[in-house]
Participant: 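Sharing a structure below in structure tokens format, with a few things to ask.
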Amino acid sequence: MDSLKIATFNINGIRARRTNLLEWLEREQPDVVCLQELKAQDADFPIDDIRAAGYGAIWHGQKSWNGVAILSKGDDPLEIRRGLPGDPDDTHSRYLEAAAHGVIVACLYLPNGNPQPGPKFEYKLAWFERFIKHAAGLFDNGHPVVLAGDYNVVPTDEDIYNPRSWTKDALLQPESRECYERLLAQGWTDALRAKYPDARIYTFWDYFRQHWQKNSGLRIDHLLLSADLAPRLIDAGVDRWVRDQEHASDHAPTWITLKGEASGKAVQEKPAKRSKAKTTQ
DNA sequence: ATGTCTTTCGAGGAAAGA
């Protein structure tokens with residue numbers, strides 16, 4: 001059966017992690033990849049290596065911090081949007097949107113927000129509000145959409161090894177969680193949680209106190225599916241072997257597979273005669 | 001409070017962000 005694999009990976013410095021990335025692409029062969037925390041300027045994005053691995057890419061870099069990219073196997077993603085609308089003074093490179101393999105892919109790197117309270121937390125919540133507003137339009141646009149990235153939100157206490165030492169952290173604040181809930185309430189499906197409702201799933205293990213070795217992780221990298229994509233979800237998972245490598249990022253690639261064509265062009269036009277009524281799979 | 005890693009600046013090691 002044809003299927004489409006879409007992944008999100010906070011790479012924590014693409015120059016320091018170039019070989020980790022190429023090894024992962026080679027082994028897992030995702031069709032579409034969202035990368036966050038490039039920590040590199042546009043000119044330092046290793047596009048030649050990525051092309052040699054069989055991927056086209058678009059990227060939005062920034063010196064030292066942030067930076068996002070979308071990779072597409074076999075062709076270039078068709079860029080739709082660079083930067084989140086709603087604040088012309090926001091200089092952070094945290095958002096890219098493109099069409100690839102018949103799906104609209106939003107790649108996001110939501111602000112961390114620590115320390116909390118403070119201006120960084122205010123920025124996080126303001127950014128989240130802008131994203132919620134933009135996502136509402138995406139949900140209704142009639143195309144299949146995936147919102148993939150590092151949300152810097154632990155949705156519930158089931159998404160962390162032990163919330164006790166993190167109660168003051170921006171990733172667990174009620175305000176952060178409430179924003180995530182409000183986003184889901186638009187109708188999006190949290191793919192990993194939908195596929196595995198009761199499993200402990202982590203995507204991030206910080207570098208402190210041997211958290212990886214003890215599997216003391218957090219689930220903060222999410223893939224949200226629009227209404228017409230949710231029934232196409234086949235499987236979801238985390239490539240934990242990447243986190244176990246030497247010089248690994250503190251995140252692991254997180255992925256879904258969807259029923260349907262993996263090859264082909266960018267977003268296809270909807271058939272003209274198609275009614276807007278929801279069809280069941 | 002701590003812990004570790006990557007970045008910049010600039011030439012060794014410190015500071016900041018996560």
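This structure is a prediction, so every number in the text was calculated from the model and none was measured.
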Participant: Does A:Lys63 make a side-chain N or O approach to OP1 or OP2 of B:dC9 shorter than 4.0 Å?
Facilitator: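 It does, given that an N or O in the side chain of A:Lys63 lies less than 4.0 Å from OP1 or OP2 of B:dC9.
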
Participant: Between B:dG3, B:dT7, B:dT6, which one does the side chain of A:Asn12 approach most closely?
Facilitator: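 Closest nucleotide among those given: B:dT6.
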
Participant: Whole angstrom is fine here: how far is it from OH in A:Tyr207 over to P in B:dA16?
Facilitator: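 Spelled out: OH on A:Tyr207 to P on B:dA16 is 21 Å.
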
Participant: Between B:dT4 atom P and A:Arg243 atom CZ, what is the distance in whole Å?
Facilitator: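 That distance rounds to 13 Å.
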
Participant: Within less than 4.0 Å of OP1 or OP2 of B:dT8, is there a side-chain N or O belonging to A:Arg15?
Facilitator: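 True: A:Arg15 side-chain N/O within range (under 4.0 Å) of B:dT8 OP1/OP2.
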
Participant: Considering heavy-atom distances to DNA chain B, does A:Gly13 or A:His92 have its closest nucleotide positioned more toward the 5' end?
Facilitator: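 Of the two residues, A:Gly13 wins.
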
Participant: Looking at A:Thr254, A:Thr203, A:Asn152, A:Asn10, which one forms a side-chain hydrogen bond (donor to acceptor under 3.5 Å, both in side chains) with A:Asp221?
Facilitator: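 Of the listed residues A:Thr254, A:Thr203, A:Asn152, A:Asn10, the side-chain hydrogen bond (donor to acceptor under 3.5 Å, both in side chains) partner of A:Asp221 is A:Thr203.
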
Participant: Please tell me which of A:Leu38 and A:Ser165 maps to the more 5' nucleotide of DNA chain B, matching each residue to the nucleotide holding its nearest heavy atom.
Facilitator: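 It is A:Ser165, whose closest nucleotide lies nearer the 5' terminus.
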
Participant: Which listed nucleotide (B:dT8, B:dT7, B:dT4) is nearest to the side chain of A:Phe208?
Facilitator: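 Nearest listed nucleotide: B:dT4.
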
Participant: Could you check whether atom CD of A:Gln213 has more than 12 heavy atoms from other residues, nucleotides or ligands sitting under 6.0 Å from it?
Facilitator: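 Atom CD in A:Gln213 is crowded, with more than 12 foreign heavy atoms closer than 6.0 Å.
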
Participant: Answer yes or no for A:Arg82 and A:Trp59: cation-pi contact, defined as NZ/CZ to six-membered ring centre under 6.0 Å and angle to ring axis within 45°.
Facilitator: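 No.
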
Participant: Rounding to a whole Å, what distance do you find between A:His247:NE2 and B:dC5:C1'?
Facilitator: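 Spelled out: NE2 on A:His247 to C1' on B:dC5 is 11 Å.
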
Participant: With A:Asp159, which of A:Arg219, A:Arg177, A:Arg200 fulfils side-chain hydrogen bond (donor to acceptor under 3.5 Å, both in side chains)?
Facilitator: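 That would be A:Arg219; it is the only one of A:Arg219, A:Arg177, A:Arg200 passing the side-chain hydrogen bond (donor to acceptor under 3.5 Å, both in side chains) with A:Asp159.
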
Participant: Find the distance A:Lys124:NZ to B:dG17:P and express it as a whole number of Å.
Facilitator: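 One finds 16 Å between P of B:dG17 and NZ of A:Lys124, rounded.
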
Participant: Starting from P on B:dG17, measure out to CZ on A:Arg94 and report it in whole angstrom.
Facilitator: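 One finds 12 Å between P of B:dG17 and CZ of A:Arg94, rounded.
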
Participant: Quick one: A:Gln41 CD to B:dT7 C1', roughly how many Å, whole number?
Facilitator: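 Distance check: A:Gln41 CD to B:dT7 C1' gives 12 Å.
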
Participant: Could you tell me how far B:dG13 sits from B:dA1 if I compare only their C1' atoms? Round to whole Å.
Facilitator: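 Approximately 24 Å lies between the C1' atom of B:dA1 and that of B:dG13.
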
Participant: Roughly how many Å apart are B:dG10 and B:dA16, using the P atom of each and rounding to a whole number?
Facilitator: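 Going atom to atom, P in each nucleotide, I get 15 Å.
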
Participant: Could you tell me how far apart A:Asn10 (CG) and B:dA18 (C1') are, to the nearest whole angstrom?
Facilitator: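 Rounded to whole Å, this separation is 9 Å.
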
Participant: Could you measure between the two C1' atoms, the one in B:dT7 and the one in B:dG12, and give it in whole Å?
Facilitator: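 That atom pair is separated by 16 Å.
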
Participant: Tell me whether the OP1 or OP2 atom of B:dC5 has a side-chain N or O from A:Arg17 closer than 4.0 Å.
Facilitator: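 So the side chain of A:Arg17 is outside the cut-off, no N or O lying under 4.0 Å from OP1 or OP2 of B:dC5.
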
Participant: Return the value, rounded to whole Å, for the distance between atom CH2 of A:Trp65 and atom P of B:dT8.
Facilitator: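 In whole Å, B:dT8 P lies 8 Å from A:Trp65 CH2.
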
Participant: Are A:Tyr95 and A:His60 near enough that their ring centres are under 6.0 Å apart?
Facilitator: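 No.
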
Participant: Does a side-chain N or O from A:Lys120 land closer than 4.0 Å to OP1 or OP2 of B:dG17, or not?
Facilitator: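 Answer yes for this pair, as a side-chain N or O of A:Lys120 is under 4.0 Å from OP1 or OP2.
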
